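Remember, predicted model here, so these are calculated numbers, not experimental data. Note that the numbering runs from 1 along the sequence shown for the chain.
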Amino acid sequence: MVDADSGWDGRAGEARTGRGTRDTGGTWGMRGVRAADAPPDRRVAAPDSRVAAPDSRVALPGRRVAAVSLVALAALATGCEPGTATGAQDAPPPARPTQAAAPSPTAPVTEDAKPRTAPPPSPSASTAAPAPSPDPTTARPAPEPSTAPPPRVLMRTGSESDRVRELQARLRQIGHFGRNPTGYYGSVTADAVRSFQAKRSLPVTGSTDEVTWGRLLAMTRVPKAAELRPPTERPLAAPDERCLKGRVLCISKNSRTLAWMIDGKVVSAMDVRFGSEYTPTREGVFEVFWKSRDHVSTLYDTPMPYALFFSGGQAVHYSADFAANGYGGASHGCVNVRDKKKVAALFGQVRTGDKVVVYW
């Protein structure tokens, strides 16, 4: 039987032997004591990774040496730096690889390290070169006066012809002449020519020279017959009822027109003007009592060609002033006609005794 108080458990002899005497088991007995009886802090710990190698003076069992070697190999494999263990000999840390130093200014420059050319300075930088000042303008010499003769004048104030009529019609096409052509070159026509010359940067003379005429021809078309000789500049007024029978010179102060009518039909029509407020043209029904082809007024010393007298000294006749100045003037009571050809034809058709009606 086993005595519980004796403390023997089959290993008591080994325990006592280990503490008091050397066991014949040798190494096995020492291993048994360290594994079972040694306190935890005296057990064999894993070797510190910071210890470079075991001291050659201490004899260690074969298995302990193998364990230490494995730990040292594991530390080297992981790349960890070895630390310093307490009591161990200090060892200098392994030298770290140094970075390559920048090439010195005197070192030869390789193709990959060619210095870049510095960019040009900004125009706004303080080092920007000042802009070159413009060269002073060289004074141009004054042009020499032209020695070419002036263009030949074709029409001027006082001219009267079919070419003047065409000039007036062409000026009217482009808005420089505001009335029907008369064939007489007066102040109205001269003003229209000046307006045309000024707009085309031509010498403003009022006379139609070769250059002015050529420019006008290039800008206009050939006038039609109705444009050259329209019946009147203004539309005819409705005839007075006293004009609807017989042969009548029907003269309207309102429309400023004269209509030569036979039995209510208009044979011809023309523009007319009347006397001023101081010498007004009389109104009413009259008769032609005298015809004078080349009449000259003895009172005013004024030509009155193709005169058809109907009331005292008042007559229907051609007026060069009316042809030249239009409605800017007035007669001394007569009925002025500005179209010379029309009034000449009228003079040939009207007979003494034909009726004359002047009305508003």
(request) List the steps, then state whether side-chain contact (heavy atoms from CB on, under 4.5 Å) holds for Val350 with Tyr306. (result) CA-CA 11 Å; Val350 174; Tyr306 307 108; over 6 Å; no

(request) Please test Lys355 against Phe286 for side-chain contact (heavy atoms from CB on, under 4.5 Å), starting from the C-alpha separation and ending with a verdict. (result) CA-CA 6 Å; Lys355 188 173 17 179; Phe286 310 94; over 6 Å; no

(message) If the test is side chain to side chain contact (heavy atoms under 4.5 Å, CB included), which one of Thr279, Asn336, Val272, Asp321 qualifies with Ser331?
(response) Asn336

(message) Could you report the tightest heavy-atom contact between Tyr359 and Cys250, atom names first, then the distance?
(response) CE2-SG, 3.5 Å

(message) For Gly206, is there any backbone N or O sitting under 3.5 Å from a side-chain donor or acceptor partner on Gln197?
(response) yes

(request) State the CE-OG1 distance between Met155 and Thr157, to the nearest 0.5 angstrom. (result) 11.5 Å

(request) For the pair Lys342 and Asp271, find out whether any cationic side-chain nitrogen is under 4.0 Å from an anionic carboxylate oxygen. (result) no

(message) Using side-chain heavy atoms (C-beta onward) and a distance below 4.5 Å, is Ser255 in contact with Leu236?
(response) no

(message) Taking Val267 as the starting point, is it possible to reach Met270 by hopping between hydrophobic residues whose side chains are less than 4.5 Å apart?
(response) yes

(request) Please check if Val193 and Val164 belong to a single hydrophobic cluster, counting links between Ile, Leu, Val, Met, Phe, Trp and Tyr side chain heavy atoms closer than 4.5 Å. (result) yes

(message) Is any side-chain heavy atom of Arg247 closer than 4.5 Å to one of Arg351?
(response) yes

(request) Look only at the side chain of Lys253 and the backbone of Phe274, and say whether a donor-acceptor pair between them is shorter than 3.5 Å. (result) no

(request) Please determine which of Arg229, Arg172, Gln173, Gln168 meets the side chain to side chain contact (heavy atoms under 4.5 Å, CB included) test together with Pro223. (result) Gln173

(message) Working note: Val188 + Thr182, criterion side-chain contact (heavy atoms from CB on, under 4.5 Å); need CA distance, chi angles, decisive distance, verdict.
(response) CA-CA 11 Å; Val188 175; Thr182 63; over 6 Å; no

(request) Answer yes or no for Lys291 and Phe347: cation-pi contact, defined as NZ/CZ to six-membered ring centre under 6.0 Å and angle to ring axis within 45°. (result) yes

(message) Keeping Gln314 on the side-chain end and Ser311 on the backbone end, is there a donor-acceptor pair under 3.5 Å?
(response) no

(message) Please report the interatomic distance OG1(Thr189) to CG(Leu171), rounded to the nearest 0.5 Å.
(response) 8.0 Å

(request) Find out if a path of hydrophobic residues (ILVMFWY) with successive side-chain heavy-atom gaps under 4.5 Å connects Phe196 to Tyr184. (result) no

(message) Using a 3.5 Å distance criterion without hydrogens, assess whether the side chain of Glu227 forms a donor-acceptor pair with backbone atoms of Arg170.
(response) no

(message) Quick check for you: to the nearest 0.5 Å, what is the distance between Trp290 atom CH2 and Phe310 atom CZ?
(response) 14.5 Å

(message) Quick check: closest heavy atoms across Ala307 and Phe309, and the distance to 0.1 Å?
(response) CB-CE1, 3.7 Å

(message) Is there a continuous path of hydrophobic side-chain contacts, each under 4.5 Å between heavy atoms, that joins Trp260 to Val337?
(response) yes

(message) On a heavy-atom basis, which atom in Pro305 and which in His317 lie closest, and how many Å separate them?
(response) O-CB, 3.3 Å

(message) Are Val211 and Val153 linked, directly or through intermediate hydrophobic residues, by side-chain heavy-atom contacts shorter than 4.5 Å (ILVMFWY only)?
(response) no

(request) Hey, could you give me the CG/CG distance between Leu167 and Asp162, rounded to the nearest 0.5 Å? (result) 12.5 Å

(message) On a heavy-atom basis, which atom in Gly312 and which in Phe289 lie closest, and how many Å separate them?
(response) O-CZ, 3.3 Å

(request) Could you tell me which non-hydrogen atom of Met304 sits nearest to which non-hydrogen atom of Ser297, and how far apart they are? (result) SD-CB, 3.6 Å

(message) Does any part of the side chain of Leu308, heavy atoms only, come nearer than 4.5 Å to the side chain of Val356, both counted from C-beta?
(response) no

(message) Let me confirm one number: the CG-CG distance from Leu258 to Leu346, rounded to the nearest 0.5 Å.
(response) 6.5 Å

(request) Please assess Asp191 against Arg194 for the test side-chain contact (heavy atoms from CB on, under 4.5 Å), listing each intermediate value before the final yes or no. (result) CA-CA 5 Å; Asp191 289 342; Arg194 289 189 188 94; 2.8 Å; yes

(request) Mind checking the CD1-CG spacing from Ile174 to Leu216? Nearest 0.5 Å is all I need. (result) 5.5 Å

(request) Compare every heavy atom of Ala330 with every heavy atom of Gly275, then report the nearest pair and how far apart it is. (result) C-CB, 4.2 Å

(message) Is it the case that the side chain of Arg165 and the backbone of Leu228 share a donor-acceptor pair, with hydrogens and angles ignored and the cut-off at 3.5 Å?
(response) yes

